[in-house]
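Only one structure is covered here, and it is reproduced in the block below.
Values reported hereafter were calculated over all heavy atoms of this structure, with side chains retained and with hydrogens, waters and symmetry mates removed. Values in this document were obtained by computation on a predicted structure and should not be read as measured data. Chain A is the first sequence line, chain B the second, and so forth, proteins listed ahead of strands; every chain is numbered from 1.
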Amino acid sequence: MSERVPVLRIGDVLLVSIQVDLDDQTVLNLQEDLAQQIVDQGARGVVIDITAVEIVDSFVGRMLATIAAISRMLDAETVVVGMRPAVAITLVELGLSLGGVRTALNLEKGLALLRRSGRSERT
Amino acid sequence: MNVPWAADDEPQTQPVVMNDDVVRVRQFARGLSQRCKLSLVDQTKFITAASELARNTLVYGGGGSCTAGLVRGRGRLGVAAVFEDFGPGIPDIELAMTDGWTSGGGLGLGLSGARRLVDEFALDTEAGRGTKVTVIKWAR
Ligand SMILES: Nc1ncnc2c1ncn2[C@@H]1O[C@H](COP(=O)(O)OP(=O)(O)OP(=O)(O)O)[C@@H](O)[C@H]1O
Ligand SMILES: [Mg+2]
């Protein structure tokens, strides 16, 4: 069963924290939800927290890159935070370097990055 | 490839016919790779390879199965997974194994990437008959 991942709003930043092993349809739903919410909420930044995510395969990797590209087009910036070292190693070996995706080590640093780039005022 | 299944541990077969099954294959692969004490990085690599192959079985093979279990060889323990479908097969193996080549809308990294992530990789396929991909990761 595909479900929906909750999208939280903190000031002008949307926060998604992935907590469960997502099936492909849920991943696609998330992509659409985020695009819609960036526009509806006038968000300037998106933070995707993958601290709890044990594996990122090509499908999820592509979703991260796509969300980054979509949000850029909608005048928002995406930061992926909390990638585990084993996930980073595996992604590179898989052949996915996620070149267009900004990353930060944790949520705090991700929010600071958005603040610095003028993407978020209040958070 | 002849898979050296561990004699004291029956491999298990599960269907790969819907999105949820790909999640279940990942979870099963995680359990196995923990049981055979792969390092965290090797666990992650094996589960990621299994995820790629399960999705191919579902998307391109039109559904199939995954048989996975512990293997033993040269005094080592490892984990193996065999993905099998009776779909259209892969007409040009070399092309399919090329980084970046996809017949669909993917990234073309599943097969070639999965091969890099495991220790042993075998692809048996025949156009019109189906596809069987076997992967093994050994504990170090
Ligand atoms: N089980 C299968 N049956 C038939 N064709 C397959 C099967 N697995 C892979 N293929 C073919 O091989 C190609 C390459 O597969 P690969 O997994 O590398 O890339 P992809 O699935 O297209 O994209 P990605 O996995 O990066 O999202 C596929 O596009 C498909 O044409
Ligand atoms: Mg694939």
Side-chain angles (χ1 to χ4, degrees), chain A residues 1-5 17-33 35 48-70 80-101 103 105, chain B residues 16-34 38-60 63 81 83 97-102 104-119 121 135 137:
Chain A
M1 260 293 293
S2 73
E3 35 198 320
R4 290 194 114 80
V5 180
S17 179
I18 301 178
Q19 296 295 333
V20 291
D21 194 338
L22 304 179
D23 72 88
D24 291 358
Q25 187 55 50
T26 307
V27 169
L28 293 176
N29 293 345
L30 174 61
Q31 203 168 291
E32 282 175 27
D33 283 352
I48 303 176
D49 184 356
I50 58 167
T51 308
V53 173
E54 289 177 330
I55 73 135
V56 174
D57 62 11
S58 66
F59 198 86
V60 172
R62 184 158 55 132
M63 178 269 289
L64 295 174
T66 304
I67 288 175
I70 292 172
V80 172
V81 305
M83 186 183 291
R84 299 179 178 199
V87 168
I89 293 169
T90 301
L91 268 176
V92 170
E93 200 149 318
L94 189 62
L96 250 180
S97 48
L98 295 183
V101 181
T103 56
L105 287 184
Chain B
V16 183
V17 294
M18 46 193 226
N19 276 327
D20 271 1
D21 294 331
V22 178
V23 176
R24 273 190 282 273
V25 165
R26 283 200 290 263
Q27 284 160 357
F28 192 65
R30 174 178 303 125
L32 282 174
S33 50
Q34 284 168 354
L38 295 187
S39 72
L40 191 55
V41 171
D42 283 350
Q43 284 180 32
T44 308
K45 287 181 178 179
F46 183 77
I47 301 163
T48 304
S51 182
E52 294 297 338
L53 298 173
R55 183 175 299 106
N56 282 355
T57 299
L58 178 65
V59 173
Y60 300 109
F83 296 85
M97 289 300 301
T98 307
D99 263 353
W101 190 83
T102 174
L107 295 170
L109 290 174
L111 279 178
S112 51
R115 177 161 64 176
R116 283 190 291 273
L117 293 173
V118 298
D119 296 322
F121 180 98
V135 289
K137 190 110 190 141

Can you tell me which of A:Gly61, A:Ser58, A:Gly95 forms the most heavy-atom pairs within a distance under 4.5 Å of chain B? A:Ser58

Side chain / backbone / both / neither for B:Ala114 at chain A, heavy atoms under 4.5 Å: backbone

Indicate yes or no: at least one non-hydrogen side-chain atom of B:Thr44 is less than 4.5 angstrom from one of A:Ile89. no

Under 4.5 Å heavy-atom distance to chain B, tell me which part of A:Leu96 shows up: side chain, backbone, both or neither. both

Test item: A:Asp57 and B:Arg55 side chains (from C-beta on) under 4.5 Å apart, heavy atoms: yes

Here the gap from A:Thr26 atom OG1 to B:Asn19 atom CG, rounded to the nearest 0.5 Å, amounts to 8.0 Å

Taking atom CG of A:Leu94 and atom CG of B:Leu109, what is their separation to the nearest 0.5 Å? 5.5 Å

Nearest heavy-atom neighbours spanning A:Glu93 and B:Arg116: O-NE, 2.7 Å

Is there side-chain contact between B:Leu40 and A:Arg84, with heavy atoms separated by less than 4.5 Å? no

Check: A:Asp23 and B:Val22 side chains under 4.5 Å, non-hydrogen atoms: no

Quick one: does B:Arg26's side chain get under 4.5 Å of A:Asp21's, heavy atoms only? yes

What are the two closest non-hydrogen atoms of B:Thr48 and A:Val56, and how far apart are they? CG2-O, 3.9 Å

